2 protein chains.
Amino acid sequence: MSNKKERDITTEQKILEVATEVFQQKGYAGARMQDIADKAQINRAMLHYYYRNKEKLFEGIFQNAFQKLIPSMNEVFDADLPLFDKIRQVVNNYITLVFQNRNLPLFVLHELQQNPEKFVSNFFVHHTRPNPAKLIQQIQEEIKAGNIRPIMPQHLVMNMMSLCIFPFVSQPVFQQVFQIGDAQYEQFLESRKTEVAEFIIESIKVK
Amino acid sequence: MSNKKERDITTEQKILEVATEVFQQKGYAGARMQDIADKAQINRAMLHYYYRNKEKLFEGIFQNAFQKLIPSMNEVFDADLPLFDKIRQVVNNYITLVFQNRNLPLFVLHELQQNPEKFVSNFFVHHTRPNPAKLIQQIQEEIKAGNIRPIMPQHLVMNMMSLCIFPFVSQPVFQQVFQIGDAQYEQFLESRKTEVAEFIIESIKVK
DNA sequence: TTTATGTTTAACTTTTCTGTTAACGCTGCA
DNA sequence: TGCAGCGTTAACAGAAAAGTTAAACATAAA
């Protein structure tokens, strides 16, 4: 019994693990059940045994992937810190997160484009809707207090996210443009953990 | 004869037009030849008549799409303008370009992730490799002259691109986050044509 | 009018991928 | 010992997509 359960869990989790990798790499349409089975070293029928069909399997993975990105966004928004510190922390956290989940952003963005509705249902079900209200208010207060120059909070939030995420999704392009190898690009990304925050702060601070 | 040729061109171009749309929307794996044929209002066999097979059809479209993005990048790099003006112009041009080719960036990024080699061959064949050398030099000179604060040129270039492109690829996410509709988001993007440039300049200028 | 050539169509073939089923086997328990 | 139940497998069925072919069609030139 315990042996069985152990194996169950191992197989089931192994599938999820591998499927996550494959779906994130190839996207829903490009992923092959056979490929997932091969990489998990199991019979293809097992995929259907544990997860009824491709769509169900995908569903779980997408939800999961998506949920990984939201809480970190809310960290950004809700943290109880002075604005500049918050920016530094958020940027650092977010870049670190994406470091560990390389093709998560592109995966989510690509699937979302095809199927923006997935969003709404996902959001409303899990109640983890990103809520930038607090951050936006904080920005407005800092502007009013004259600590930063006037700027639409939405632009600031968008800029923050853009500067964090885009360098990951555009890696192949920029490695070519800058003519640098994998290791160097890693370093480049690493250096952005501090660079991006400073770039933003320099832009908005009143000197 | 002239009638034939006219029709040839019409059909052939119609295919290319429609296929571009479908491929950019769905990606290679998600695109269906039948779907392309339907939208072009032709028999599916015609696709094979004009473009041997799916891969060949895709190839042409990808090259084309890709080529659309490179010249504009080089405009950024090579223009003979003072740095700040260059930034303003580049940002404006690039955002305008993406405006007219909404799903081009996500398409290219997604396909490139699966197949980074497509790049190299593409680049070397067409000799239109993006070359940021001039811009990088210009940035270094401005730093030396004390007109802007010290910053790695690669970061600056990356930031520029990120701020221009990411808001387009992440549209579904941010419409939800900011709770705004299509029309308003359009306006938001529109306003970034100037906003982004000022954001960058504010960050690097010495006050 | 006939013929040659390029275009278009419908029907068919092949391949690829997903989903199902029935049988086998292991393991724990009566 | 045998049986109950889950896990596993191979083989199969079905659907969907890509690709092919042969004949019909249109048009321009002879």
Side-chain angles (χ1 to χ4, degrees), chain A residues 1-63 107 110-111 113-115 118, chain B residues 1-64 107 110-111 114-115 118:
Chain A
M1 193 67 139
S2 69
N3 236 344
K4 271 190 206 171
K5 273 188 186 169
E6 271 171 35
R7 287 208 298 178
D8 287 3
I9 292 165
T10 309
T11 305
E12 198 172 339
Q13 286 189 335
K14 178 83 188 195
I15 291 174
L16 213 67
E17 204 175 284
V18 170
T20 300
E21 201 186 299
V22 173
F23 274 125
Q24 288 189 11
Q25 237 266 338
K26 308 277 189 178
Y28 178 79
R32 296 288 165 256
M33 297 295 266
Q34 186 60 61
D35 187 26
I36 294 170
D38 289 349
K39 283 187 176 136
Q41 296 177 305
I42 55 164
N43 190 292
R44 218 178 66 251
M46 294 301 281
L47 297 178
H48 293 92
Y49 179 74
Y50 286 107
Y51 307 86
R52 200 127 213 79
N53 55 35
K54 189 181 178 182
E55 208 178 312
K56 289 269 200 312
L57 179 55
F58 174 79
E59 208 65 32
I61 283 163
F62 184 81
Q63 302 269 344
F107 168 67
H110 178 251
E111 297 301 332
Q113 197 204 22
Q114 326 260 315
N115 225 344
K118 269 203 183 116
Chain B
M1 190 66 138
S2 68
N3 239 345
K4 269 192 208 173
K5 273 188 187 169
E6 270 171 37
R7 287 209 298 177
D8 286 4
I9 291 167
T10 308
T11 306
E12 198 172 340
Q13 285 189 334
K14 179 84 188 192
I15 291 174
L16 213 68
E17 206 175 281
V18 169
T20 300
E21 201 185 298
V22 173
F23 274 125
Q24 288 187 11
Q25 238 264 342
K26 307 277 189 179
Y28 178 79
R32 297 288 164 255
M33 296 295 267
Q34 185 62 61
D35 187 26
I36 294 170
D38 289 351
K39 283 185 178 137
Q41 297 177 304
I42 53 163
N43 190 292
R44 218 177 66 254
M46 293 301 281
L47 298 178
H48 294 91
Y49 178 74
Y50 285 106
Y51 308 87
R52 200 127 211 78
N53 55 34
K54 190 181 179 184
E55 209 178 312
K56 290 268 200 311
L57 178 55
F58 174 79
E59 207 66 30
I61 282 163
F62 183 81
Q63 303 269 344
N64 217 318
F107 168 68
H110 178 253
E111 297 303 332
Q114 328 258 318
N115 225 344
K118 267 197 187 124

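What you are looking at is a predicted structure, and each value in this text was computed from that prediction instead of being measured. Each chain gets a letter, A, B and so on, in the order its sequence line appears, and its residues count up from 1.
Residue pairs meeting the salt bridge (Lys or Arg N to Asp or Glu O under 4.0 Å) criterion with at least one member in residues 33-56 of chain A, sequence neighbours excluded: A:D35-A:K39. Here ring-ring contact (aromatic ring centres under 6.0 Å, His included) pairs that include residues 20-39 of chain B, with residues two or more places apart or in two chains, are B:F23-B:F58, B:Y28-B:F58.
A straight line from CD1 of A:I15 to C1' of D:dT8 spans 11 Å, rounded to a whole angstrom. Rounded to an integer number of Å, the gap from NZ of A:K14 to P of D:dT8 is 13 Å. Atom-to-atom, NZ of A:K54 to C1' of C:dT20 comes out at 18 Å; the value is rounded to the nearest Å. Between the C1' atom of D:dC25 and the OH atom of B:Y49 lies a distance of 13 Å, rounded to the nearest Å. Straight-line distance from the CG atom of A:N53 to the P atom of C:dT20: 8 Å, rounded to whole Å.
Under the rule for a side chain to side chain contact (heavy atoms under 4.5 Å, CB included), B:N64 has no partner lying at least two apart in sequence or in another chain. Contacts of A:E17 classified as side chain to side chain contact (heavy atoms under 4.5 Å, CB included), with partners at least two apart in sequence or in another chain: none.
With values rounded to the nearest 0.5 angstrom, B:F62 atom CZ is found 10.5 Å from B:Q24 atom CD.
For B:Y50, counting side-chain heavy atoms from C-beta on, the closest listed nucleotide (C:dG19, D:dT8, C:dT8) is C:dT8.
Within residues 27-48 of chain A, the residues approached by DNA chain D to less than 4.0 Å at the level of any non-hydrogen atom are A:N43, A:A45, A:M46, in residue-number order.
In this structure, B:K118 and B:Q63 have side chains that are not in contact, with every pair of non-hydrogen atoms separated by 4.5 Å or more.
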